[in-house]
**Student:** 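This is the structure I want to talk about, given as C-alpha cells.
Proteins come first, then strands; the chains are lettered A, B, ... in the order of their sequence lines, and each starts at number 1. If you're wondering where the values come from, they're calculated on a predicted model, not measured in any experiment.
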Amino acid sequence: MAEPVAVAKMDKIVALCKRRGFIFQSSEIYGGLNGAWDYGPLGVELKRNLKDYWWKCMTQLRDDIVGFDGSILMNRAVWKASGHEATFSDPMVECLLTKKRYRADQIEPQSGTVFPFEGIIEAPGADAHEEVKKLWETEVGASVTKFTVNSTSLLSLFKPLSFAVIVPEGKGIESATKIARQFYDARGYKNYKPVVGEKYSELATTKFNPENGSMLGEPRVFNLMLKTYVGAVESEDSITYLRPETAQAMFVQFKNVLDVSQKKLPFGIAQIGKAFRNEINPRNFTFRSREFEQMELEFFVKPGTGPEWLDKWLEERLAWYEQVGIPRAKIHILTVPEKDRAFYSQGTYDLEYEFPFGIQELEGIAHRGNYDLTQHQNASGKPLEYFDEETKTKYLAEVVEPSAGVDRTVLAILCEGYDEETIKDEESGKEETRVVLRFAPRIAPIKAAIFPLLKNKPELVAIAKDIYKTLQPLLKVAYADTAAIGRRYRRMDEVGTPFGITIDFETIEGTKEACTSATGKPIAVGEKDTVTLRHRDSMKQERIAIADLPAYLLTKVS
RNA sequence: GCGGGCGUAGUUCAAUGGUAGAACGGUAGCCUUCCAAGCUACACACGAGGGUUCGAUUCCCUCCGCCCGCUCCA
C-alpha cells in the first residue's frame, strides 16, 4: 500500500506544510500531542476557503438548505438516544497467542475442556531483579532503576506465566499442548507444563479465542468518545461528551429549524464544525485526528424517496470536489455493502481519494432513514414529525447525509496539488526542481502576489504598493520586494499562489511590443500602466492593464 | 494497543564522554531590467525527564513524538 515513493512524497508534503506555515504539530514545543494539529497562516486560509465554498454551495446557491451551528457540548441524553454511548465504547479483548484484537461482544461462545498451563524461566534466585541489577552495575558500570525487555519488566519474566487452552470435548491434552507450546515459545519460555489435575469443563464461555482455543486477555474498554464534565464539580451526574459528529444537533433541533425557515420537504440543514473521537490509532498526518472538522448536511426527504436523493447527492458531491481541485478520476466511489454499513444505514456511498498512503475516505453519503428522528422523538417524548400540507398526513422524514471531513479534504487538496518539476535553465543548462502547489484558484490561500521588479527603483515600488492597496480589500494578496524576481515567483509557486503581478519598466515607460492582454484586449506599443501577469502552472507571462486587474482576478478566483 | 524502525538548525546531512559544523533555506543591507544569480552580516538544533559521570548530544532507563506493518475505525 504505502510504497517508498509515496512515503517520500508524503514526507515532503508534511515538511512543506511546516516550512511554509500550512500545518504544525499541536503543542510542538512540548513534544506534541498525538492526533492533534494546528493550522498556520496559510493553512487556515486554505481551510477557510474550502469551508466557505462548501457553505456557499450549500446555503447560498441553493434554496432548499439552511445553515446551522450547534454547540459541541450537548445533554448526555442526546448521546444515549443516538446510540453513541452504547456503541461508541467497545470492550475489546486480545488473543494472547496471536495478539489479534476482537470486540468482546462478538466472541462466539464455545464449550469444551480447559487445560491450564504454567511456565517459568529458570529463576536465578529469590530476588531475581536485584541480582540482575547488581550484575549489570558491576559489569556495565551503570546504575539502573528498572529493567524492561520489550516493555516487559524483567522481573515479571521470573514469575510463573499462566496460560490456558480450551479444546472441544473429546480432544485431549495433546492439542492443547500444541497451542501452549506456541505461546511459551514466542515468549522465550523453555519450561512450561500443564497444571496437574486442574483441567475443567466450560459451557458457552467467551474467555477463549474460537479460532485457536487460546486464552483471551482481560476485556479493555475503548472509549471512542471524549468524556468531559459540565460544571465545576466532577460527578457522575455532570458527565457528557465532546460530540463525535456534528449531525446530532441538527436532528435534535430539527423541529426548531423547520418552524422558523418556512421550508417544505425536501430540505436540508448544513453545519460545519469540530468533532472529537478517541481514535485508537491516529496516523497519516492529519488524516486520522482526534479533533477534526466536519462539513455535514442533513437533507430531509419524504418517506420512500431516500434512495433517489442518495444518488442525487452523490453526483452533487462529486461535482463539488472537482470544483475544489480534486478530479473525479481520483475519487473512488465505494458502495458500502450492507454488512459493513452502520446499523441505521439503508445505503451508503463512501467517496475515497487516492492518498499517497492509500485509498481513504473523504466523505460518506448515507441514507439514514428516519432512525435519528425516531430515536430522538422516542427519547425526548417530543414530536418531531413533519405535517405534509398536500396529503394532510404526519410522518417522520427520512434523511440523506453527505458528511465530509474538512481536514481530510484539505489534505487531499495538498496531496493532489503537490508537484515537482525539473526546470532547465536555458543559459547555464543547470537543472533545478520547482515545487508547486497547483491549487484551484478559488481555494488558494493567496490569490495573487504583487512584485516590483526591482526594489531599489522607487517609481516601481510606488506603483506596486498602490496596486497592492487597491487589490487588498477585494481578495487575499501578498506583496514581496525582497530577493530576485525569479526567487519570488518560486516562493509563491510553493504556496500555490496562482497569479504573480510584476511592475516593470514597461509599466512606466510604455509597452515595447504590441500584444494581446490577458483579458483579450489589444495593447499598443507605448501603452503605459500595464504589468506582467505570470501564471503559476505554466510560468507563462503576459501583459495586462492595471485597470483590468480587479475584474480579471475576481473572475478567475470566484 | 502490539511488533519493528527512528528522533542533531526550517530541510538534508556531519562530528563528539569536555555543551556542536556544513550546505540549502530564512532575515537585513548592497547589488540586480523577469524564473531559487552575486557579495556582506545576522539568527536558528542535540524531543523531554531521570540515572551513571568531575563533565552526557554521545552510555543506561522512562516518557513523548514520528514512520512502517498489524489492529481499530459511525
**Student:** Which of these nucleotides, G65(B), G10(B), A74(B), is closest to any side-chain atom of N34(A)?
**Tutor:** G65(B)
**Student:** Is it the case that the side chains of E296(A) and T246(A) hold a donor-acceptor pair, with the cut-off being a distance below 3.5 Å and no angle test?
**Tutor:** yes
**Student:** Step by step, would you call E494(A) with R19(A) a salt bridge (Lys or Arg N to Asp or Glu O under 4.0 Å)?
**Tutor:** CA-CA 10 Å; E494(A) 209 177 41; R19(A) 180 158 48 88; 2.9 Å; yes
**Student:** Got a list of side-chain donor-acceptor pairs under 3.5 Å for residues 30-44 of chain A, not counting sequence neighbours?
**Tutor:**
residue, atom, partner, partner atom, Å
W37(A), NE1, F285(A), O, 3.2
Y39(A), OH, D407(A), OD2, 2.7

**Student:** What nucleotide among C66(B), C35(B), C2(B) has an atom nearest to a side-chain atom of R283(A)?
**Tutor:** C2(B)
**Student:** Under 3.5 Å, is there a donor-acceptor pair between the E506(A) and T511(A) side chains?
**Tutor:** no
**Student:** Please classify the nucleic acid contact of G83(A) as base, sugar-phosphate, or nothing, using heavy-atom distances under 4.0 Å.
**Tutor:** base
**Student:** Heavy atoms under 4.0 Å, any strand shown: does N456(A) hit a base, just sugar-phosphate, or nothing?
**Tutor:** base
**Student:** Determine the interatomic distance between P on C24(B) and the same-named atom on C39(B); round to the nearest Å.
**Tutor:** 9 Å
**Student:** For D11(A), check side-chain hydrogen bond (donor to acceptor under 3.5 Å, both in side chains) against everything at least two apart and list the hits.
**Tutor:** none
**Student:** Among residues at least two apart in sequence or on other chains, which ones pass salt bridge (charged side-chain N to carboxylate O under 4.0 Å, His left out) with K457(A)?
**Tutor:** none
**Student:** To the nearest angstrom, how far is N278(A) atom CG from C72(B) atom C1'?
**Tutor:** 13 Å
**Student:** My understanding is that only one of E291(A), E293(A), Q294(A) makes a side chain to side chain donor-acceptor pair (under 3.5 Å) with K274(A); could you say which?
**Tutor:** E291(A)
**Student:** Restricting to side-chain hydrogen bond (donor to acceptor under 3.5 Å, both in side chains), what partner residues turn up for T507(A), sequence neighbours left out?
**Tutor:** D504(A)
**Student:** Considering only the P atoms, how many Å lie between U8(B) and U58(B), rounded to the nearest integer?
**Tutor:** 13 Å
**Student:** Remember a base hit wins even if backbone is also touched, and classify S538(A) as base, sugar-phosphate or nothing at under 4.0 Å, heavy atoms.
**Tutor:** nothing
**Student:** If you pin L453(A) and A484(A) to their nearest nucleotides in RNA chain B, which one's is more 5'?
**Tutor:** L453(A)
**Student:** Identify whether any heavy atom of R434(A) sits under 4.0 Å from a base atom; if not, whether one sits that close to sugar-phosphate; answer base, sugar-phosphate or nothing.
**Tutor:** nothing
**Student:** May I have the distance from Y30(A) (atom OH) to C64(B) (atom P), rounded to whole angstrom?
**Tutor:** 17 Å
**Student:** Check every strand shown and say whether N281(A) touches a base, only sugar-phosphate, or nothing at a heavy-atom separation below 4.0 Å.
**Tutor:** base
**Student:** Take atom C1' in A20(B) and the same atom in C46(B), then report the distance between them in whole Å.
**Tutor:** 8 Å
**Student:** Separation of I485(A) atom CD1 from U33(B) atom P, in whole Å?
**Tutor:** 12 Å
**Student:** May I ask you to decide if the ring planes of F300(A) and F251(A) are parallel, tilted or perpendicular, using 30° and 60° as cut-offs?
**Tutor:** perpendicular
**Student:** When rounded to the nearest Å, what value does the distance between P atoms of C54(B) and C67(B) take?
**Tutor:** 41 Å
**Student:** Output a table of donor-acceptor pairs, distance under 3.5 Å, between side-chain atoms of residues 71-81 of chain A and any protein atom two or more places apart or on a different chain; print 'none' if there are none.
**Tutor:**
residue, atom, partner, partner atom, Å
S71(A), OG, L73(A), O, 2.7
N75(A), OD1, A77(A), N, 2.8
R76(A), NE, E85(A), OE1, 2.7
R76(A), NH2, E85(A), OE1, 3.4

**Student:** Report the residue (G35(A) or T433(A)) whose heavy-atom-nearest nucleotide on RNA chain B is the more 5′ of the two.
**Tutor:** T433(A)
**Student:** Grab the CD-C1' distance between E509(A) and U33(B) for me, whole Å please.
**Tutor:** 9 Å
**Student:** May I have the distance from N209(A) (atom CG) to U71(B) (atom C1'), rounded to whole angstrom?
**Tutor:** 14 Å
**Student:** Under 4.0 Å between any heavy atoms, over every strand shown, what does R277(A) touch: base, sugar-phosphate, or nothing? Just pick one.
**Tutor:** sugar-phosphate
**Student:** What's the closest nucleotide to the R534(A) side chain, out of U32(B), A74(B), C35(B)?
**Tutor:** C35(B)
**Student:** What's the gap between G26(B) and G10(B) when it is taken at their P atoms, as a whole Å value?
**Tutor:** 14 Å
**Student:** What pairs with E398(A) under side chain to side chain contact (heavy atoms under 4.5 Å, CB included), at least two apart in sequence or on another chain?
**Tutor:** V301(A), P303(A), H367(A)
**Student:** For R283(A), which residues count as a salt bridge (charged side-chain N to carboxylate O under 4.0 Å, His left out) partner, sequence neighbours excluded?
**Tutor:** none
**Student:** Mind checking salt bridge (charged side-chain N to carboxylate O under 4.0 Å, His left out) for D493(A) and listing every partner two or more places apart, or none if nothing turns up?
**Tutor:** R434(A), R534(A)
**Student:** Reading nucleotides 23-29 of chain B from the 5' end, what letters show protein touch, with B for base, S for backbone sugar-phosphate only, - for no heavy atom under 4.0 Å?
**Tutor:** --SSSSS
**Student:** Could you state the atom-to-atom distance from CD of E85(A) to P of A74(B) in whole Å?
**Tutor:** 17 Å
**Student:** If we take the C1' atom in both G47(B) and G65(B), what is their distance in whole Å?
**Tutor:** 7 Å
**Student:** To the nearest Å, give me how far apart CG (D11(A)) and P (U11(B)) are.
**Tutor:** 11 Å
**Student:** Rounding to a whole Å, what distance do you find between Q25(A):CD and C66(B):P?
**Tutor:** 5 Å
**Student:** For K12(A), which residues count as a salt bridge (charged side-chain N to carboxylate O under 4.0 Å, His left out) partner, sequence neighbours excluded?
**Tutor:** E420(A)
**Student:** Could you spell out the base pairing of RNA chain B as a dot-bracket line? Use Watson-Crick and G-U wobble contacts where both distances are under 3.5 Å, [ ] for crossing pairs, | for partners on a different strand.
**Tutor:** (((((((..((((....[..)))).(((((.......)))))....(((((..]....))))))))))))....
**Student:** Short of 4.0 Å, heavy atom to strand atom, which residues of residues 284-300 of chain A count as contacting RNA chain B?
**Tutor:** N284(A), F285(A), R288(A)
